[in-house]
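The first residue of the sequence shown is numbered 1, and numbering continues consecutively from there. In listed order, ligands and their atoms are each counted from 1.
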Amino acid sequence: MLTLSGVCKRYPTGDRALTDIELSLPRGQVMALIGPSGAGKSTLIRCVNRLVEPTSGSIRLDDTELTRLTGRKLRQARRAMGMIFQEYALVDRLSVMENVLSGRLGYVGFWRSFMRRYPEDAVVEAFRLLERVGLAHALDKRADALSGGQRQRVGIARALLQSPRLLLIDEPTASLDPKTSRQIMRLIRELCAERELGAIINIHDVALARQFADRIVGLRGGKIVFDGTPAALSTDI
Ligand code: ADP
Ligand code: ADP
């Protein structure tokens, strides 16, 4: 489904963030990306959603070569990739429901949301997703009144509302306590299974990666140093 081949990224500063990355993510697979700070994890995720342009190599999502896309086609391809961030990136003064809707409606629809004219199918689907992530009781709460775990659930529902084929998840548990972290990882895992979604999760907590990922890829100095099942990862990494 997602294939990276020969991907290199060298920043203008001269930092070689990625060197010859070969990686293929099948449908429905949850992959944890681990490695020390500076290993290239964020750069890899950003190359896939094209916040960063790889210096060379190919990144394909199904039949689409992502590295050559521009303009409207790039925006279209990005919609197939749901992003979930460490700091949730919610709009504090908007309600839970409005935050979820803003993901699908984009800028114009976001303005429309202030006018309280939501497309009905989007509202129905947003409600269904909020029910699924356990927030049906909190639709009207302002985002800044939520706990960290609840905020991340809103971020997950917002990403899913665009019906992505792939989730790109950057440190989803970095600001959460251990128990909430496990709940969020379990939820992500279940949702990926239910919807046959592939996911790349950039995560520094190796124990969580082992517990919830199908596959672990270890990066170091911009290169893949491990690629296998959690069971195959020796405990001393
Ligand atoms: P990780 O996410 O594993 O911490 P990063 O992808 O952030 O790693 O960084 C990989 C390398 O690329 C590091 O050496 C970092 O300093 C460098 N780097 C990351 N972003 C930039 C940037 N915007 N400009 C220059 N160098 C960068
Ligand atoms: P993370 O821990 O999530 O990888 P960082 O704190 O490493 O984030 O980086 C934060 C921001 O700084 C990112 O936008 C990254 O691209 C940028 N950055 C990281 N390293 C460098 C660098 N050596 N030069 C310029 N920008 C960098």
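Set against the non-hydrogen atoms of P36, the atoms of ligand 1 under 4.0 Å away are 3 (O). Of all atoms in ligand 1, numbered sequentially from 1 with element shown, those under 4.0 Å from a heavy atom of T13 are 25 (C), 26 (N). Per-residue contacts place D15 under 4.0 angstrom from the following atoms of ligand 1 (heavy atoms of the residue considered): 14 (O), 26 (N).
Using 4.0 Å as the threshold, G35 has no heavy atom nearer than that to any atom of ligand 1.
Note on V96: it does not cluster hydrophobically with V124, by side-chain heavy-atom contacts below 4.5 Å among ILVMFWY residues. In the hydrophobic clustering of this structure, I21 does not group with L51; members are Ile, Leu, Val, Met, Phe, Trp, Tyr whose side-chain heavy atoms approach within less than 4.5 Å, directly or through other members.
Distances between N or O atoms of A39 and those of ligand 1 include at least one value under 3.5 Å. Here's the thing with R46: none of its N/O atoms is less than 3.5 angstrom from an N/O atom of ligand 1.
Residues E65 and S58 have side chains that bring a donor and an acceptor to within less than 3.5 angstrom of each other.
A salt bridge links E194 and R132; the closest N-O separation between the charged side-chain nitrogens and carboxylate oxygens is under 4.0 Å.
Atom CZ of R16 is surrounded by 12 or fewer heavy atoms from other residues, nucleotides or ligands within 6.0 Å.
Checking G40, S37, S42 against atom 8 (O) of ligand 1, the nearest heavy atom belongs to G40.
Judged purely by atom type and a 3.5 angstrom limit, T173 has no side-chain atom pairing as donor or acceptor with the backbone of L176.
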